[in-house]
Amino acid sequence: MSVALSEDRSVQFADVSLEYPSKTGSTLAVDSLTAKVSGGKFVSIIGPSGCGKSTLLDLACGLLKPTQGSVLLDGTAVTGPQSSTSMVFQEAALLPWRTVLDNVAFPLEVNGVRRSERRERARALLTTVGLDGFADSLPSELSGGMRQRVSIARALITDPALLLMDEPFGALDQQTRSVMGVELTRTWERVNCNVLFVTHDIGEAVALSDEVWVLSRRPATLKARVVIDLPRPRTEDLPLNPKFQSLEAEIWKLLQEESRAMHLSTSST
Ligand code: ADP
């Protein structure tokens with residue numbers, strides 16, 4: 001395990017609201033949300049569909065500006081995309097004509113890092129994500145899970161203090177997904193960064209995280225912060241642990257309340 005990330009490295013939502021303007025009437029997606037992750041924590045964000053989870057990630061990486069309040073990265077207001085933040089999406093979005101190694105090294109190439117150094121760092125990260133031996137393969141020669149491991153390596157190559165992940169395993173089958181989850185926690189334990197991980201899968205959130213933020217139905221508010229005090233390293237048999245099951249049930253109940261309230265409010269209009 002690496003040395004813990006300093007408590008100063010943080011992302012903080014301070015009374016954040018976000019309203020999307022539109023010609024037909026604006027949409028309030030996030031309402032006065034206050035929350036913080038620091039010191040190299042893994043936080044999952046879960047909430048009803050359309051509640052504002054992806055919007056929170058867009059705010060964290062500076063793609064959106066809050067309508068009210070502020071987003072602070074390491075204590076400084078975020079005003080646009082930051083080099084210390086990386087993002088992984090549901091689709092790996094690799095460059096198909098480039099080898100795995102050159103895909104992973106790409107962000108360093110953009111930053112003007114010399115070839116030998118970027119290739120060396122890319123090779124080290126391929127080892128971290130278990131893709132030794134695939135450096136010269138093309139993305140089309142890999143499985144979906146392997147492609148997503150390449151995109152995680154690419155996101156980590158800039159040594160980010162904050163990693164944002166939006167349903168990164170959403171396109172994978174359940175078995176691959178749980179293997180990838182355990183692999184991700186092992187990779188994350190070797191790097192130093194805070195993670196905000198959006199998922200709709202309660203078991204995945206519990207298995208990976210130090211904390212789970214449960215959001216309300218839209219507009220998103222922080223309904224609950226559930227601390228996951230399960231030991232690390234996490235293993236694939238964790239779902240058999242009674243503590244895991246009770247945390248999963250607690251979050252399920254919180255989400256059910258929101259889904260029921262959402263259903264009632266839409267069926268009464
Ligand atoms: P989630 O990730 O939880 O499914 P999102 O953050 O994508 O939810 O969206 C939250 C709400 O904001 C939804 O009602 C969605 O329709 C709305 N929304 C998202 N993006 C835009 C946009 N660019 N313009 C207007 N409304 C948007």
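In what follows, residues are counted from 1 in the order of the sequence shown. Indexing begins at 1, ligand by ligand and atom by atom, following the structure's order. Remember, it's a predicted structure, so these values are computed and weren't measured experimentally.
- Taking only non-hydrogen atoms, the option from G50, P219, S54 nearest to atom 4 (O) of ligand 1 is G50.
- Against a heavy-atom cut-off of under 4.0 Å, G52 is close to the following atoms of ligand 1: 1 (P), 3 (O), 5 (P), 6 (O), 8 (O), 10 (C).
- Side-chain atoms of S209 do not come within 3.5 Å of backbone N or O of V212 as any donor-acceptor pair.
- Per-residue contacts place K53 under 4.0 angstrom from the following atoms of ligand 1 (heavy atoms of the residue considered): 1 (P), 2 (O), 3 (O), 4 (O), 6 (O), 8 (O).
- Between the side chain of S70 and the main chain of P66, no donor-acceptor pair closer than 3.5 Å is present.
- For the pair R147 (side chain) and L142 (backbone), a donor-acceptor distance under 3.5 Å is present.
- The shortest heavy-atom distance from S22 to ligand 1 is not under 4.0 Å.
- At a threshold of 4.5 Å between side-chain heavy atoms, the hydrophobic network of Ile, Leu, Val, Met, Phe, Trp and Tyr places V100 and L94 in one connected group.
- Protein heavy atom nearest atom 19 (C) of ligand 1, with residue, atom name and distance: Y20 CE1, 3.4 Å.
- Between G47 and ligand 1 there is no heavy-atom distance shorter than 4.0 Å.
- At a 3.5 angstrom cut-off on N or O pairs, A29 does not count as close to ligand 1.
- Interface atoms of ligand 1 facing T55, defined by a heavy-atom separation under 4.0 Å, are 5 (P), 6 (O), 9 (O), 10 (C).
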